[in-house]
Amino acid sequence: MQSGFEGAPQRLSDVDLFAPGAQEHWYQAYAILHEEAPVQRLPGEGLTPGTDAFVLTKYEDVRRVVMDWDRFPPTLSLLVAHIQQSGEMPTHIPDIDAMVASIVSLRPDPDMWRAHRKELTDPWVGPGCTRHAAMITGHVDDLIAGMLDKAKRGEAVDFVADFARPLPQRVMASVLGFPQEDIPRLEQWGNAQVMSYVIGTTHKNILTPEQSAEKFRLLAGMKEYVAEQTREKRARPQDDMVSFLTQVEYAALGRKLTDDEINGVVYAMVIGGLETTQYAIAEQAQLLCDRPGMFAQLRGDRTAIRTFIEEGMRLRSPTQGLSTRICSRDEVFQGVHVPAGSMLHLRWAAANIDADEFEDPLELKLDRKAATRHLAFSQGPRSCPGSNISRLEQMIAWDRLADAFADLAYAPGNDFRHQGGIMLGIYRLLLNLTPTETP
């Protein structure tokens, strides 16, 4: 992540992780917070009036929270409880999205959450994702072929547009069983899903009423599309995730899934399966450009790729942080009293470069031990269900890139600007790629 942008904080009073443009100097802000305010209070910004929010930046604090659902319940679980107590069907609540609606019936508590993962998602994007290795390799090779053509003509590539963005789009469409020609619509819906995380304000990612209306207008077409695909696959199931969801007997409930529940699962797959992997691969390319000789190391020792991608996600966490938990009782973090009912913003990216947890935290070490202990996918019962397939995509991507290219370097014209919000998403990345010499 390039430094030197105007507005970089110099002191604690300058630090506002959620201000416009803050994403360009997050890592300078983390250094200040670690030194002066590892628990930063946001007065009056809690979930309910009169309560506060607190930003946690230390690894031990963030990990303690994510590992304990009961003591630090997810804010989403409070919404689910409200829906259940209201007696209203989720589809009748204004502006309720498909994922929340399905959570109410499929995974409202920790036990159901684990069952949902084991029975419904693990076979496809969890440990069972190895079934997709050949498919992922095919998409990677196809995208590399396009970049090779440009490189052989002496042209720079936009690594985001030519590789990092389309790869997870193609993979997720294939996993779900959606036609590749429908990817532009999936991309539009994916962008609508993450709108609050990109243009929303404050740590709560708040949209204006107009922005919220536009989000749900765009997503209305997604529900119709998924319903059509679901009907088709109920009648003629294929070897894909949506077909599986139409046929599986969900043991936790003793029945098959409804169309609306399948829509909610698909919603979660799209929102989680596109952005994170794109941002991870794009940031890893920058880490290589900033470290001459490291790509050659990966080319010479492919076993190092696994540690490289883990270190890349630790150093440049795709999702930097989220306000996802509430304190169920009074707590103390780093000597700071945090009252019951306070909202917690978990800053995974800052925790991942905590010097008290990681030796030489800003160094990318290909020999780092226990490299997977970072929090880029969170940890505990609500860790990212698609972490396995994301890792597989990244592994295959860099292995095949190392086959195709001898080197990569920044091309002229980069401005290294990132989108707003809470995800580390660079808009474009211009690279010069050197093809591998072939006989």
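- Using a 4.0 Å cut-off between charged nitrogen and carboxylate oxygen, Glu261 and Arg255 count as a salt-bridge pair.
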Handout entry: Residues Tyr279, Glu275; criterion side chain to side chain donor-acceptor pair (under 3.5 Å); working and verdict
Key = CA-CA 6 Å; Tyr279 301 151; Glu275 309 289 335; 2.5 Å; yes
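- Between Arg428 and Asp158, none of the side-chain N atoms (NZ, or NE/NH1/NH2) sits under 4.0 Å from a carboxylate O, so this pair counts as no salt bridge.
- Taking a cutoff of 4.0 Å between a charged side-chain nitrogen and a carboxylate oxygen, Arg217 and Glu214 qualify as a salt bridge.
- For Asp259 and Arg231, the salt-bridge test fails: no basic side-chain N is under 4.0 Å from an acidic carboxylate O.
- Using a cut-off of 4.0 Å between Lys/Arg side-chain N and Asp/Glu carboxylate O, Arg63 and Glu357 are scored as not salt-bridged.
- For Phe18 and His345, the ring centers are positioned less than 6.0 Å apart.
- Environment of CD in Glu249: crowded, with over 12 heavy atoms of neighbouring residues, nucleotides or ligands closer than 6.0 Å.
- Between Glu310 and Arg314 there is no salt bridge, since none of the side-chain N atoms of the basic residue sits less than 4.0 Å from a carboxylate O of the acidic one.
- Proximity of a side-chain donor or acceptor of Arg373 to a complementary backbone N or O of Ala370 within less than 3.5 Å is detected.
- Using a distance-only test at 3.5 Å, with no hydrogens or angles considered, a donor-acceptor pair links the side chain of Glu24 to the main chain of His418.
- Atom CG of Leu56 and atom CZ of Arg325 lie 11.5 Å apart (nearest 0.5 Å).
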Could you list the donor-acceptor pairs under 3.5 angstrom formed by side chains in residues 35-43, with sequence neighbours left out?
from  : atom 1 : to    : atom 2 : distance (Å)
Arg41 : NE     : Asp52 : OD2    : 2.7
Arg41 : NH2    : Asp52 : OD2    : 3.0

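- Thr277 and Ser390 form a side-chain donor-acceptor contact under 3.5 Å, judged by distance and modelled atom types alone.
- Counting non-hydrogen atoms of other residues, nucleotides and ligands closer than 6.0 Å to OH of Tyr197 gives a total of 12 or fewer.
- Residues that satisfy the side-chain contact (heavy atoms from CB on, under 4.5 Å) test with Ala350, not counting sequence neighbours, are Tyr30, His34, Thr57, Arg347.
- For Phe178 and Tyr225, the ring centers are positioned less than 6.0 Å apart.
- Remark: the backbone N or O of Leu315 is not paired with any side-chain donor or acceptor of Asn352 at under 3.5 angstrom.
- Atom OG of Ser243 is separated from atom CD of Gln229 by 9.0 Å, given to the nearest 0.5 angstrom.
- Scanning for side-chain contact (heavy atoms from CB on, under 4.5 Å) contacts around Arg131 gives Pro123, Trp124, Asp239, with sequence neighbours left out.
- Remark: side-chain polar atoms of Gln320 are not paired, donor with acceptor, to backbone N or O of Met423 under 3.5 angstrom.
- Not a single donor-acceptor pair under 3.5 Å links the side chain of Arg382 to the backbone N or O of Trp113.
- Asn414 places no side-chain N or O within 3.5 Å of a backbone atom of Phe416 that could act as its donor or acceptor partner.
- Between the side chain of Glu311 and the backbone N or O of Lys365 there is at least one donor-acceptor pair closer than 3.5 Å.
- Listed for the Asp240 side chain is no donor-acceptor partner under 3.5 Å among the backbone atoms of Val175.
- Counted by atom type alone, His139 and Ser174 present one or more donor-acceptor pairs between their side chains at under 3.5 Å.
- Between the side chain of Gln211 and the backbone N or O of Thr208 there is at least one donor-acceptor pair closer than 3.5 Å.
- The main-chain N or O of Gly177 is found under 3.5 Å from a side-chain atom of Lys233 such that the two form a donor-acceptor pair.
- Using a cutoff of 4.0 Å between basic side-chain nitrogens and carboxylate oxygens, Arg64 and Glu60 are not scored as salt-bridged.
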